[in-house]
Every structure is written in C-alpha cells, then in structure tokens.
Amino acid sequence: AFVELTGSGAVVVARDMRASSPGLAAAFAEGATGRGADVVDVGMGSTDYLYFASGMLGDFLRTVRAPIEDGASGPVAALATLPNELHGLGLHMAALVFALAGWRPLILGVDTPIPQIAALARDARLSAVGLSCVQRGTRTCAAGVRALRQALPRRIPLLVGGRGAPIELRLAGVEVL
C-alpha cells in the first residue's frame with residue numbers, strides 16, 4: 001500500500017536494534033518489492049534516526065488522510081495497540097485504509113489499556129475496533145485479544161492485523177487480517 005500511495009519506484013529500509021525490527025523490515029521490503037518498487041536495505045540505523053523517519057512517515061500518512069476524513073460520514077472505528085505494543089506507524093497505515101473505505105478512523109494510540117478501549121467502544125458507539133500486533137511468537141497479543149473481545153459489546157467487531165496477529169485465534173466477533 002505504501003508504494004501505491006506514494007507512487008515511489010524505490011524505498012529505503014532501515015532498522016534499529018529491537019528484536020522485532022528485522023522481521024518488520026523484511027515484511028515491509030517484501031510488500032514493497034511485491035508492488036514493483038526497488039528496495040535498498042541500509043541495515044541497522046540508530047534508534048533516533050528511525051524514530052525521526054517513522055515520525056516523518058506518520059506525518060505524511062496523516063497529511064494524506066486528513067482531506068479524505070474531512071468528507072467522511074461513515075462508521076467510526078477505533079484503532080489501537082494493546083499494552084506493551086509500542087508501534088504507532090501501523091495504526092496510521094490502518095487509519096488511511098479505513099478512511100479510503102469511507103470509515104472515520106479514531107486513533108487511540110499505542111500501549112492502550114484494554115479497559116480504556118472497551119469503555120470507549122461502549123460510550124462512543126463505535127462500529128468496530130482495530131488492533132495492530134507486531135510481537136510474533138508471544139501469547140501476549142492472543143491473550144489481549146481474548147480479554148478485549150470479552151470486554152467489548154457483542155455488536156462491535158474486533159479486527160486484528162499486523163505481523164504478530166494471532167492467525168490461529170478462533171473467536172466469534174474477531175477477524176484476524
């Protein structure tokens with residue numbers, strides 16, 4: 001989606017020293033090459049550098065999304081990461097996809113407590129809740145999804161995506177993307 005959105009024929013990929021970084025960089029590079037872009041992998045960069053680049057990309061996604069959301073009148077979806085998931089860029093990418101589909105995305109942020117998400121879903125009459133999970137191989141996301149599904153009103157679907165989304169999870173009212 002990034003390559004199609006930007007129209008870029010080439011992208012640069014870098015990562016920091018976090019354990020999740022190689023997998024995230026590889027997944028992004030695979031997606032970019034799958035859309036026809038050349039990928040230059042510059043390897044490991046400083047965390048400060050990557051925070052800057054991530055912030056710039058987040059600003060770009062917000063700028064692209066803003067005029068689309070201005071005219072939106074569709075349903076509202078809240079987007080968040082569960083506790084101990086500290087990546088926000090996936091939320092901005094998901095928000096753009098929701099906005100392009102006519103939804104009004106509401107980004108709650110990263111490291112969001114499950115009771116806070118559930119309370120907002122009840123009080124704001126949301127149409128869906130979307131979660132981004134990147135930590136693979138942990139049971140944290142699956143446990144969080146189960147707890148959130150139990151806390152949400154039944155009428156609200158829970159959409160879960162990202163590299164760490166528990167694809168084996170089979171719960172009514174949960175769709176793993």
Side-chain angles (χ1 to χ4, degrees), residues 1-2 5 13 15-32 34 47 50-51 54-55 57-58 61-62 65 68-69 72 74-177:
F2 177 79
L5 182 66
V13 177
R15 60 191 159 279
D16 65 12
M17 73 291 229
R18 288 178 284 185
S20 62
S21 292
L24 291 172
F28 181 83
E30 182 181 327
T47 300
L50 293 177
Y51 277 133
S54 180
L57 181 55
L61 292 170
R62 280 187 291 276
R65 192 177 75 237
I68 298 167
E69 285 181 10
V76 178
L79 306 173
T81 70
L82 293 170
N84 300 315
E85 291 266 0
L86 303 174
H87 58 281
L89 201 51
L91 297 178
H92 291 290
M93 291 181 207
L96 180 57
V97 171
F98 271 92
L100 289 169
W103 287 64
R104 294 177 292 154
L106 173 63
I107 296 177
L108 303 180
V110 300
D111 197 26
T112 310
I114 291 170
Q116 183 179 340
I117 299 170
L120 178 70
R122 282 189 307 273
D123 297 344
R125 309 266 317 146
L126 299 175
S127 296
V129 171
L131 294 177
S132 176
C133 297
V134 298
Q135 296 180 19
R136 284 185 116 176
T138 67
R139 298 190 186 276
T140 307
C141 184
V145 168
R146 283 187 190 92
L148 181 56
R149 178 66 269 166
Q150 188 172 7
L152 286 174
R154 287 182 189 247
R155 66 175 175 75
I156 299 176
L158 178 57
L159 310 171
V160 185
R163 186 172 172 89
I167 58 173
E168 72 285 351
L169 190 64
R170 306 262 191 264
L171 285 176
V174 175
E175 184 174 347
V176 179
L177 309 172

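All heavy atoms count here, side chains included; hydrogens, waters and symmetry mates do not.
- Across D16 and S21, no two heavy atoms sit closer than the pair OD1-OG, 2.5 Å.
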Tabulate below the donor-acceptor pairs under 3.5 Å that side-chain atoms of residues 149-156 make, not counting sequence neighbours, or state none.
from : atom 1 : to   : atom 2 : distance (Å)
R149 : NH1    : I156 : O      : 2.6
R149 : NH1    : G173 : O      : 2.9
R149 : NH2    : P153 : O      : 2.8
R149 : NH2    : I156 : O      : 3.1
R155 : NH1    : L126 : O      : 3.0

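- At most 12 non-hydrogen atoms from other residues, nucleotides or ligands lie less than 6.0 angstrom from CZ of R125.
- C141 approaches V160 most closely through the heavy-atom pair SG-CG1, 4.4 Å.
- Closest approach of L131 and L148 over heavy atoms only: CD1-CD2, 3.7 Å.
- No side-chain heavy atom of L86 sits under 4.5 Å from any side-chain heavy atom of T81.
- Across A165 and G161, no two heavy atoms sit closer than the pair CB-C, 3.8 Å.
- Here the side chains of F98 and L159 are in contact, with some heavy-atom distance below 4.5 Å.
- Judged purely by distance below 3.5 Å, without hydrogens or angles, the side chains of H87 and S132 pair a donor atom with an acceptor atom.
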Expected list for residues 101-109: side-chain donor-acceptor pairs under 3.5 angstrom, two or more places apart:
from : atom 1 : to  : atom 2 : distance (Å)
R104 : NE     : G74 : O      : 2.6
R104 : NH2    : G74 : O      : 2.9

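- Considering every non-hydrogen atom in both A99 and R65, the closest pair reads CB-CG, 3.8 Å.
- Here the side chains of V129 and L120 are not in contact, with every heavy-atom distance at 4.5 Å or above.
- With values rounded to the nearest 0.5 angstrom, H92 atom NE2 is found 9.0 Å from L57 atom CG.
- Applying the salt bridge (Lys or Arg N to Asp or Glu O under 4.0 Å) criterion to E175, with sequence neighbours excluded, gives no partner residue.
- For the atom pair CD1 (I68) and CG (L100), the distance works out to 4.0 Å, reported to the nearest 0.5 Å.
- Judged purely by atom type and a 3.5 angstrom limit, D111 uses its side chain to pair as donor or acceptor with the backbone of N84.
- The structure places CG of L61 at 11.0 Å from CG of L91, a figure rounded to the nearest 0.5 Å.
- Taking each heavy atom of C133 and L82 in turn, the nearest pair found is SG-CD1, 4.4 Å.
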